Trainee: 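Before I ask anything, here is the structure I am working with.
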Amino acid sequence: MASPVWHPYAHLLTQTAAPKVIGGEGPRFTLEGGETLLDATCSWWCMIHGYGHPRLVAAIKEQADSLCHVMLGGLTHEPADRLARELVRVTPPGLEHVFFSDSGSVGMEVAMKMAVQYHYLQGKPEKYRMLSLMKAYHGDTSGCMAVCDPEEGMHSLFSGFLPRHHFAPTPSAAHDAAPNEVEADLAALRAVLEQHHGEIAALLMEPLLQAAGGLNMTSPHYLAGARALCDEFDVLLVFDEIATGFGRTGKLFAADHADVTPDIMVLSKGLTGGYLGHAATLATDRVHAAFIGDTPLHAFMHGPTFMGNPLACRVALESLAVFEEENYLEKIDGLNRVLREELLEDASLRQHPQVSDARVLGATAVIEVADTGALKGVADFARKQGVWLRPFGRWLYTMPAYITPQEDMARIARVMKAWFK
Ligand SMILES: *Cc1c(COP(=O)(O)O)cnc(C)c1O
């Protein structure tokens, strides 16, 4: 009998049976029957330490022995307090307050509600719309769908159901662009702000790397320019670092490339090393201070049941400790060198008629094709060579676990290239 499990993003008529995973170690997972696959995308980019990491597994077991769950409504516990302190320590200076939730999408919902309520409490209730970027992806819940790319994004059929927000063009300057090369992108952002700032609460962006919207990469100068524009127009800057956070772009946070502190920052995916679902929405003193007041409307009315779950907080603390103690930024740099060498220095790949671009940033690489048909069959092709690739749209990409040995990184890149040979 077919499984009653309804799989995400799956076309029910054409889907093939999902392989059953029974375990995993390091960058590989194992299927029922013994096949072992090198995971090129580490389970939607969250399993940054790979599978079965002994320290992360032990942390969860140890925490389970003392406290699995208690609500944060009116109560607190050591793992939540410690994790909040650690996140304040490692994130850009000025982010001082931490609101926990249970998934990336909810973390973004929290950010948007916080931004709207901030302006309300500042006496500007008319600032309740968001400004997002084309090619953005911020999650699958209703509030998040409304700030995803409304054309190329995956939610266009819901457009009638969703509130209307504003969109600026996707930044087109490359990651290594000179300051003058981002001027056009910033002028486009300014144009939207000039016209609509009176109703805009926040500018949302996935800094440096728009992930699920097509792995578009841009320059740190764009982040700095966006920060200045937000200050000029009294708009909060929200960094969705759910994908970019915890090393993906080569620094701990994408914001670190530009020395920019957003007003609100959202973390999830790598936060727990992928071992449990959790998210954190961080805010500056300025945002937090607006909520200190004596009317009922000053309370922030949000509280996911599982916010600050002790198991999730405890494994997040262990994940961060391993990241720092084992110098993951160096590992990421090593993976970056392999990806550049294999995918950027190979002229034949870029000259292939189906390949429109190849890009690398931190531990992320993508080969973009002109037509989605050009990637049909690539997942099966890779699996025969022991690699699990899951392309989407026009993008064949890798975002591996950081513990992936360099030989395995090269192997992934070579399988990606071989498809075009
Ligand atoms: C994955 C992702 C989300 C959504 O997170 P979920 O945990 O899947 O709800 C939001 N924003 C970005 C940038 C993401 O990559």
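Counting starts at 1 for both ligands and their atoms, following the listed order. Not measured: the values here are computed from a predicted model. The figures that follow rest on heavy atoms only: side chains count, while hydrogens, waters and symmetry mates do not.
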Trainee: Checking ring pair (Phe, Tyr, Trp, His ring centres under 6.0 Å) between Phe381 and each of Trp419, Phe420, Trp388, which is the one that passes?
Mentor: Trp419
Trainee: What residue and atom, counting heavy atoms only, is the protein's closest point to atom 8 (O) of ligand 1, and at what distance?
Mentor: Ser105 OG, 4.4 Å
Trainee: Please classify the Met108 to ligand 1 contact at 4.0 Å (heavy-atom distances, strictly less than): side chain, backbone, both or neither.
Mentor: neither
Trainee: Would Glu206 and Lys135 pass as an ion pair if we require N to O under 4.0 Å?
Mentor: no
Trainee: Output yes when the distance from some N or O of ligand 1 to some N or O of Trp45 is under 3.5 Å, and no in every other case.
Mentor: no
Trainee: List the residues meeting ring pair (Phe, Tyr, Trp, His ring centres under 6.0 Å) with Tyr9, not counting sequence neighbours, and say none if there are none.
Mentor: Trp44
Trainee: Pick one of side chain, backbone, both or neither for how Ala211 approaches ligand 1, counting any non-hydrogen atom pair under 4.0 Å.
Mentor: neither
Trainee: Between ligand 1 and Ser268, is the shortest N or O to N or O distance under 3.5 Å?
Mentor: no
Trainee: Give the atoms of ligand 1, by number and element, whose distance to some non-hydrogen atom of Asp240 is under 4.0 Å.
Mentor: 10 (C), 11 (N), 12 (C), 13 (C)
Trainee: Taking 4.0 angstrom as the limit and counting only heavy atoms of His138, give me the atoms of ligand 1 inside it, by number and element.
Mentor: 10 (C), 11 (N)
Trainee: Counting each atom of ligand 1 from 1 as listed, which ones have a heavy atom of Gly139 under 4.0 Å away?
Mentor: 4 (C), 10 (C)
Trainee: Hey, are the side chains of Phe392 and Leu375 touching, using non-hydrogen atoms and a 4.5 Å cut-off?
Mentor: no
Trainee: Would Glu206 count as a polar contact of ligand 1, with the cut-off being nitrogen or oxygen pairs under 3.5 Å?
Mentor: no
Trainee: Salt bridge or not for Lys269 and Asp240, using N-O below 4.0 Å?
Mentor: no
Trainee: Determine, for Lys113 against Glu109, whether the closest basic-nitrogen to carboxylate-oxygen distance falls under 4.0 angstrom.
Mentor: no
Trainee: For atom 15 (O) of ligand 1, what is the nearest protein heavy atom, given as residue, atom name and distance?
Mentor: Lys269 NZ, 2.6 Å
Trainee: What class does the angle between the rings of Phe100 and His278 fall in, given that below 30° is parallel, 30 to 60° is tilted and above 60° is perpendicular?
Mentor: tilted
Trainee: If you measure every N/O of Gly104 against every N/O of ligand 1, is any gap under 3.5 Å?
Mentor: yes
Trainee: Hey, does Leu311 have a side-chain heavy atom less than 4.5 Å from the side chain of His69?
Mentor: no
